[in-house]
Amino acid sequence: MDSGRRIALTGFMGVGKSSVARHLSAIAKCDRLDLDAFIERNTGRTIADIIRNDGEPAYRAIETENLVSALRETNARILSLGGGTWTIPANRALINDQGVTTVWLESTFEHCWTNISKSRKERPLAKNKEAAKHLFDSRQGIYCLADWHFIVRPEFTSYEIATQIAEQVFS
Ligand code: S3P
């Protein structure tokens with residue numbers, strides 16, 4: 001396996017970025033960082049609380065600050081981004097400037113929505129199906145700027161997807 005490469009997983013809410021990252025870091029035997037969890041640890045607040053009380057622009061500023069720290073100050077080689085991180089041009093520039101390989105986990109809206117509905121994670125930007133679908137449609141053209149695309153089908157496990165990524169991206 002390529003020992004120096006860092007990869008960042010992007011894709012819509014509910015696609016399974018965090019679970020795939022967990023398996024990928026186990027397969028590749030390297031550290032991982034979940035950007036949402038990193039933000040929550042550093043701020044002592046939940047992301048839902050930040051977005052609801054401070055608004056999305058304030059949240060995006062915090063997200064970018066934390067992305068800078070995650071990229072510069074940690075050894076994590078597998079990063080799972082929040083669903084909106086890659087959609088911000090400044091974040092894409094930071095990620096690309098650091099030579100991080102980006103992987104889009106692509107799936108259907110229905111699959112993501114099923115997972116969002118079942119999940120206990122609070123997602124203020126996906127309050128209802130219409131709002132989530134609108135966001136999903138508006139982001140497809142940006143996610144596709146990632147270096148690699150992997151199709152996530154409901155019948156695939158996170159472990160299987162992580163294995164595919166390890167075989168192809170790390171080979
Ligand atoms: C967001 C996705 C969330 C979280 C925040 C905003 C988005 O992460 O970062 O609620 O803009 O799509 P997940 O994709 O892990 O749910």
Side-chain angles (χ1 to χ4, degrees), residues 7-25 31-71 74 76 78-95 100 102-146 148-154 156-159 161-162 165:
I7 81 163
L9 300 178
T10 184
F12 200 66
M13 294 175 259
V15 77
K17 299 178 291 293
S18 303
S19 312
V20 172
R22 199 163 47 242
H23 288 297
L24 194 52
S25 71
D31 290 344
R32 85 184 152 96
L33 184 145
D34 183 282
L35 187 62
D36 287 356
F38 188 68
I39 294 170
E40 292 190 341
R41 266 200 313 278
N42 288 342
T43 59
R45 299 170 68 189
T46 66
I47 286 170
D49 172 60
I50 301 171
I51 295 177
R52 261 199 318 266
N53 292 301
D54 303 3
E56 189 182 347
Y59 168 66
R60 294 297 172 202
I62 294 171
E63 183 181 44
T64 298
E65 269 171 40
N66 278 272
L67 178 64
V68 169
S69 319
L71 291 171
T74 76
I78 310 290
L79 292 159
S80 45
L81 304 175
T85 316
W86 178 248
T87 68
I88 306 296
N91 296 343
R92 292 202 295 279
L94 281 165
I95 291 166
V100 178
T102 44
V103 172
W104 175 25
L105 299 183
E106 178 182 4
S107 192
T108 62
F109 173 71
E110 288 303 328
H111 178 55
C112 296
W113 181 251
T114 301
N115 291 338
I116 291 170
S117 318
K118 283 194 292 201
S119 157
R120 275 178 307 170
K121 181 171 177 177
E122 234 193 306
R123 291 175 165 107
L125 301 182
K127 275 197 291 282
N128 57 59
K129 195 170 178 180
E130 289 65 39
K133 174 76 167 76
H134 182 74
L135 206 54
F136 181 92
D137 289 341
S138 71
R139 287 178 172 177
Q140 296 300 98
I142 308 177
Y143 289 137
C144 91
L145 299 172
W148 290 78
H149 302 178
F150 284 84
I151 305 281
V152 175
R153 296 192 199 287
F156 293 169
T157 65
S158 311
Y159 177 75
I161 297 158
I165 296 173

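Every number for a ligand or one of its atoms is a count from 1 in the order of the listing.
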Just to confirm my output: which protein heavy-atom neighbour is closest to [atom], and how far is it?
atom	result
atom 7 (C) of ligand 1	G84 N, 3.3 Å
atom 5 (C) of ligand 1	I47 CG2, 3.7 Å
atom 15 (O) of ligand 1	K121 NZ, 2.9 Å

Where on [X] is there a heavy atom closer than 4.0 Å to ligand 1, on the side chain, on the backbone, on both, or on neither?
X	answer
R123	side chain
E56	neither
R60	side chain

Proximal atoms of ligand 1 relative to L125 (non-hydrogen, under 4.0 Å) | 6 (C), 11 (O)

Sole candidate of N42, T43, D49 that passes side-chain hydrogen bond (donor to acceptor under 3.5 Å, both in side chains) when paired with R45 | D49

Is [X] in polar range of ligand 1, meaning some N or O pair under 3.5 Å apart?
X	answer
L81	no
G14	no
E63	no

List the steps and the verdict of salt bridge (charged side-chain N to carboxylate O under 4.0 Å, His left out) for K133 and E110.
-> CA-CA 9 Å; K133 174 76 167 76; E110 288 303 328; over 6 Å; no

Distance-only, no hydrogens or angles: does the N91 side chain make a donor-acceptor pair with backbone N or O of T85 under 3.5 Å?
-> yes

In this structure, are over 12 heavy atoms from other groups packed under 6.0 Å from Y159 atom OH?
-> no

